[in-house]
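A, B, ... follow the sequence lines: proteins, then strands. Residue 1 opens every chain. All values reported here derive from a predicted model rather than from experimental measurement.
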Amino acid sequence: MVLADQLPVLIVITPLIGAFLAPLIYRRHEKASGYLVLLSLLLSVVMAVFLLIKVRRDGPYFYQMGNWPPPWGIEYVADPLRVFMLLVVVAISLWIFLFAIEDLQHELRRTVIGWYYALYLLLVASMAAITMTNDLFNLFVFMEICAITSCAIITVKEDRECLEAGFKYLILSAMGTGCFLLGVALLYMVTGQLNFGFLQQELTAAVINYPLNVFTAAALFIVAFGTKAALFPLHVWLPDAHASAPSPSSAMLSGLVIKIYAFSLFVIFYRVFPRSLLDSLPLSEIVLWLAAFGVMFGSVYAMLQTDLKKMLAYSSIGQIAFIFMGIGLDQRLALVGGLYHIAVHAITKAMLFMAAGAIIYATGVRRISDMNGIGRVMPLVLVAFTVGSASMIGIPGTGGLISKWYLALGALEIGRSLFVLVILLSSLLNAIYYMPIVINAFMSQDDFACQVKEVPKVLQSALVIGMIFVVITGIFSRPLTLLLEEAVTVFF
Amino acid sequence: MAEKTVVAIQIIIVLAPIIMTPVIMYSCRISDQLRNGLSVATAAVTFILSLTLYPFIKDGGIVQLSLFEILPNLEISIRLDLLSFSLAALSSFVWLLATLYSLHYMAREHAGGRYYPVLIFTLGSCQGIFFAGDLFSLFVFFELMSIIAYILVIHEQTEEALKAGYKYLVMTIIGGLALFFGIIIIFELGGTVSLGVGPIIQERSTLGLIAFICFLIGFGMKAGMFPLHVWLPDAHPVAPSPASALLSGIMLKTGAYGLVRVVFFVYSYQLLQTSNWNDILAALAVITILLGSAVALTQTDIKRRLAYSSISQLGYVLLGLSILNNNAITGAIFHIFSHAFMKSALFLAAGAIIWKTGKRNIADFKGLGRQMPVTMGCFALAALAMIGIPPLNGFLSKWTLALGALDAEAPGFVLVLLISSLLNALYYLPIIIPAFFELPDSLQADHHGDEHDLPPVKIEEATPLMLSAIVILALCTIFFGLTPNNIAFSLSRLTAVYLLGGGGF
Amino acid sequence: MTELLNILLLVFLIICAIGVAYIRDLLSAVILFSAFGLIMAIIWQQLSAPDVAMVEAALGTGVAALLMIAAISKTKRVE
Amino acid sequence: MEILGGLIHNYYYFVAIILFVIGTHTMLTHANMIKKVIAMNIMDTSVFLLFVAIGYVQGGRPPIIGSDPEALYINPLPGALILTGIVVAVSVTAYALSLIVKIHRAYGTVDYDEICELRGDE
């Protein structure tokens with residue numbers, strides 16, 4: 001079918017069209033605009049599922065923008081890995097939007113909600129494009145769009161902290177893209193290519209002739225994506241930005257946006273750089289150690305926080321480091337673990353932010369110490385929070401355990417048992433800061449002091465869907481891990 | 001019995017309580033009666049179903065079946081052999097009694113709507129541990145049980161309970177992580193964690209040792225092994241008494257059970273012997289026994305004393321396990337039975353006393369034997385069994401353990417057993433003797449020195465239902481102790497032969 | 001000769017960039033930045049990329065500088 | 001000496017890198033937000049310079065198809081890319097400046113250090 005061949009670009013275009021229409025419709029019909037956004041996201045999900053089926057059946061294929069063959073045209077790739085990531089992106093965006101549609105009424109001024117819808121869809125479109133593009137410059141363009149929109153969904157809530165955090169994010173993110181572009185220029189200098197596939201061929205020779213260029217580019221890429229994905233020690237922007245944003249934005253940023261950059265680094269490591277480069281340079285080693293420090297740092301700092309959303313934000317720094325650890329370990333199983341953790345953490349952290357959002361929605365409480373006894377007045381929200389915490393800790397039956405299992409197995413396979421200890425230690429630390437919240441929420445003898453509004457049904461159903469996701473990733477993980485295992489085998 | 005039926009029964013045993021949990025939770029809204037009825041019915045069905053497995057076991061049947069794959073080579077699988085059967089039957093039996101006992105005990109407590117579902121859920125996950133066919137499923141159910149049991153521990157929701165519960169939870173997580181590490185290493189070394197393929201680790205290696213220590217930490221923590229016992233004396237006493245009985249009587253055993261599985265099914269026990277890794281276990285067991293008994297002496301709270309006593313008793317099981325010969329293993333497994341009966345009886349009796357009189361301090365127990373003769377009688381019986389007075393079951397297990405120690409030419413262990421029994425006597429007798437032969441402080445002032453003219457004391461027993469649970473458990477201590485020709489002992493002996501014979505893979 | 005001119009322009013570029021960092025008056029900094037952009041446009045013209053040079057002169061220098069001046073007029077002029 | 005020779009030969013690259021470092025440094029160290037934005041532009045433009053310099057062919061003509069098909073043209077691809085890049089950079093600038101105006105409205109200052117102090121007092 002002709003339409004089926006156009007799927008990669010349709011998935012990017014559908015939310016883009018929605019992004020243009022949503023604010024226009026919003027002026028007249030607020031409800032209809034929300035449904036339009038839902039519809040365009042739903043369409044994207046359906047298309048992503050079709051794409052997955054197609055790729056599973058016919059194998060990976062390349063889509064050439066406007067029928068220009070590379071190296072002139074821009075190329076999109078649909079292979080199992082990219083489609084997996086794509087599916088994660090669109091499905092979770094759809095799910096978060098369910099939450100957003102209700103929560104935004106409360107957090108934002110009425111007039112800006114239409115614009116928020118547009119930004120949201122633009123963000124989804126740019127993330128979808130980033131996952132599929134096979135061209136470095138196209139990647140750069142969509143990274144900038146992604147940066148602006150994700151910054152905009154922070155600052156759309158115009159209070160002081162959001163503005164300041166948004167600006168900090170924008171500047172550091174600009175530094176990240178600057179470094180990225182410089183790296184691209186260095187690679188282009190020695191190869192004359194921007195397409196991933198051609199680059200990989202050319203680089204095999206270029207590494208020998210121009211080693212410095214390639215090494216510098218690699219280092220710049222680590223800095224660029226490390227900044228954007230909040231890899232320790234380049235994470236400084238994250239806690240403020242994710243904590244102050246409106247809750248749906250926090251869920252989106254912590255759940256998906258930082259993962260996209262980690263995924264891009266992974267793609268560049270394995271799709272752009274030839275294997276010989278990875279073997280000869282300690283690139284993975286650097287990423288690995290940064291990740292190990294990040295895991296510990298994020299967990300320790302999360303323990304010190306008094307604000308719930310800030311705690312969740314610091315916890316993201318620790319968790320994103322798991323994904324980098326998968327990349328850094330440079331081993332098949334660990335890579336599967338890291339990639340699986342993208343999905344798991346996206347679901348879990350988004351759900352935790354939603355739960356935090358629901359708490360703020362209903363009570364206005366943000367401080368952890370004020371939440372004693374809250375579980376008795378809003379049980380469903382706190383049960384969702386508990387399930388999310390369990391997945392963060394890695395309790396059996398939740399997705400967190402599966403990704404940690406793969407990571408640990410990969411680390412053991414290459415004899416790096418030190419990193420298994422890091423993983424376990426971080427689980428312990430996670431337990432230490434997540435559990436008291438849950439315990440005090442349900443078991444504390446103090447009665448919850450604040451006035452409580454009822455949480456709307458839509459928010460509740462979003463949380464229930466999240467819990468189902470978490471359990472599914474924990475118990476029926478096999479199809480997904482099988483897909484990932486097959487997908488990463490080509491890299492080794 | 002066909003294998004399919006057996007598997008179906010096993011799955012029902014595990015799933016029925018778990019599925020009933022939300023039903024029970026919901027039934028609270030309709031009526032408390034319905035909730036209680038459902039809880040008892042679930043526990044009873046579980047017990048009866050586990051008994052129906054006996055004919056299959058008697059014919060030497062073994063089931064090992066994987067249900068579905070979670071990760072490559074990592075399935076959720078079920079297994080039924082002598083060991084699983086023994087523990088499953090034992091635990092569902094005690095659970096049934098404790099549930100019956102709870103009906104009246106908990107009537108006075110708050111939040112029954114939370115207590116019963118959790119109680120039944122832990123029953124399901126506990127059975128899941130015993131029926132797990134591989135380390136991973138075992139780990140899953142183990143964690144599930146441990147974490148859910150937290151709600152039982154903090155049921156009272158006092159400051160003290162919350163603190164104890166937090167300690168419990170942190171230790172559980174540490175233990176869980178250690179287990180996770182151990183399982184991953186085994187998976188890495190052997191490529192499988194199934195219990196049905198024979199000893200996975202046959203050769204000595206550093207990683208193997210690390211994994212062994214991890215298992216010791218993970219399961220030993222649950223079993224209250226020194227130095228990981230710290231949570232136990234806080235957590236067990238603060239729970240409601242029937243829950244303490246289960247925590248001490250059954251849930252501790254899951255740790256011991258896990259260690260048995262590790263020693264015989266994950267490692268070949270010959271390897272443990274040749275590389276002397278079992279000495280680690282032996283040393284820790286000896287310390288656990290002595291330390292538990294010694295500290296129990298200093299406790300004045302009845303439930304705390306019982307909790308410390310549990311630590312020392314579990315030490316016997318671990319000691320038996322570390323000796324690794326026929327008699328010792330028989331003793332260890334039989335002691336799992338004995339201790340379940342004795343300690344549950346003790347906790348339930350203590351619960352009845354607290355429930356009726358509110359007394360927790362041992363010094364207040366004077367004259368209690370005349371006030372609550374049946375309860376105190378059962379308490380005394382179980383305590384005597386604990387000390388190891390023949391013909392009670394505690395004697396039989398200690399005797400067999402001692403025989404095992406002598407077979408292994410380690411008379412030192414016999415000495416440890418003797419010292420510990422002496423200590424047991426030292427801390428149990430001061431409860432029993434004043435209870436029967438002294439007057440309460442309030443009466444002593446009037447009647448001092450007048451032993452023959454005791455004033456009539458009003459008999460104030462707990463309800464018959466509660467009493468019956470206590471009495472049944474106490475009678476078990478006699479029934480399974482009179483002669484070695486009882487079902488529990490022969491099961492233990494068969495299991496020991498089965499384990500040492502290579503597990504019949 | 002063009003070589004020398006190019007080198008001179010490049011040196012100017014660096015001077016402008018450093019100047020932007022040191023001048024405390026923001027308006028002057030923006031003007032210096034415009035100069036930077038225009039020099040850049042000339043250099044690109046020298047490098048046979050007239051299209052890029054035009055866009056840089058119009059957008060990168062013109063529009064950006066206008067926006068900056070607008071922003072400064074709404075905030076503070078001195079650092 | 002060899003490196004120095006290389007630098008002199010490739011002075012466009014060299015200058016681009018210097019400008020990039022100056023831009024990044026100014027952007028990250030200066031507290032004034034508008035200064036940060038200007039520096040961000042310098043940083044971006046320096047990378048564009050690098051791109052244009054890469055595309056340049058000694059003696060090449062602009063990529064405008066003329067009458068002479070044999071003529072030597074420069075590589076047109078970097079130029080095309082940079083057009084996109086400039087547009088993106090300007091839009092980021094515009095967005096950042098609008099943020100600055102809002103921040104000024106909220107805090108009464110555009111100096112990062114002062115904002116930190118203000119927030120520290122809260």
When [options] are compared by non-hydrogen pairs under 4.5 Å with chain C, the top option:
options                                 : value
Ile42(D), Asp44(D), Thr29(D)            : Ile42(D)
Ile103(D), Ile18(D), Val52(D)           : Val52(D)
Val101(D), Thr45(D), Thr26(D), Val37(D) : Thr45(D)
Arg105(D), Met27(D), His104(D)          : His104(D)

Margin query: Counting C-beta onward and ignoring hydrogens, is there a side-chain heavy-atom pair between Thr75(C) and Met33(D) closer than 4.5 Å?
Written below: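 Side chain of Thr75(C) against side chain of Met33(D), heavy atoms only: no contact under 4.5 Å found.
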Checklist line | Which atom of Leu67(C) lies closest to which atom of Ala94(D), heavy atoms considered | finding: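 It is CD1-CB, 3.7 Å.
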Notebook entry, point to check: Looking only at heavy atoms, what is the nearest atom pair of Leu19(D) and Ala17(C), with distance?
Noted result: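 The answer is CD2-CB, 3.6 Å.
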Please list every donor-acceptor pair under 3.5 Å in which a side-chain atom of residues 81-88 of chain D meets a protein atom from a residue at least two apart or in another chain.
{"from": "Thr84(D)", "atom 1": "OG1", "to": "Ala80(D)", "atom 2": "O", "distance (Å)": "3.3"}
{"from": "Thr84(D)", "atom 1": "OG1", "to": "Leu81(D)", "atom 2": "O", "distance (Å)": "3.3"}

Notebook entry, point to check: What's the spacing between Asn6(C) CG and Tyr11(D) OH if we round to 0.5 Å?
Noted result: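 Nearest 0.5 Å value for the CG-OH distance: 5.0 Å.
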Check: When rounded to the nearest 0.5 angstrom, what distance separates CG in Leu97(D) from CD1 in Ile69(C)?
Finding: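 Here the rounded value is 11.0 Å.
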Check: Are any side-chain N or O atoms of Lys74(C) and backbone N or O atoms of Ser98(D), one a donor and one an acceptor, separated by less than 3.5 Å?
Finding: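 No, because the side chain of Lys74(C) does not come within donor-acceptor range (under 3.5 Å) of the backbone of Ser98(D).
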Check: What residue among Ile38(D), Ile22(D), Asn41(D) forms side chain to side chain contact (heavy atoms under 4.5 Å, CB included) with Val20(C)?
Finding: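 Option passing the side chain to side chain contact (heavy atoms under 4.5 Å, CB included) with Val20(C): Ile38(D).
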Check: Side chain, backbone, both or neither: which part of Val63(C) has a non-hydrogen atom closer than 4.5 Å to chain D?
Finding: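 Looking at Val63(C), just its side chain touches chain D.
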Note to self: I'd like to know whether Phe51(D) forms a side chain to side chain contact (heavy atoms under 4.5 Å, CB included) with Val52(C), so could you lay out the CA-CA distance, the side-chain angles of the two residues, the decisive distance to 0.1 Å, and finally the verdict.
What the structure shows: CA-CA 11 Å; Phe51(D) 260 108; Val52(C) 189; over 6 Å; no
Note to self: Looking at chain D, which one of Leu10(C), Val11(C), Ile72(C), Val55(C) has the largest number of heavy-atom pairs inside 4.5 Å, strictly under?
What the structure shows: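 Option with the top pair count is Leu10(C).
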Sequence neighbours excluded and cut-off under 3.5 Å, please list the side-chain donor-acceptor pairs for residues 28-42 of chain C, or say none.
{"from": "Ser28(C)", "atom 1": "OG", "to": "Asp25(C)", "atom 2": "OD2", "distance (Å)": "2.9"}
{"from": "Ser34(C)", "atom 1": "OG", "to": "Val30(C)", "atom 2": "O", "distance (Å)": "2.9"}

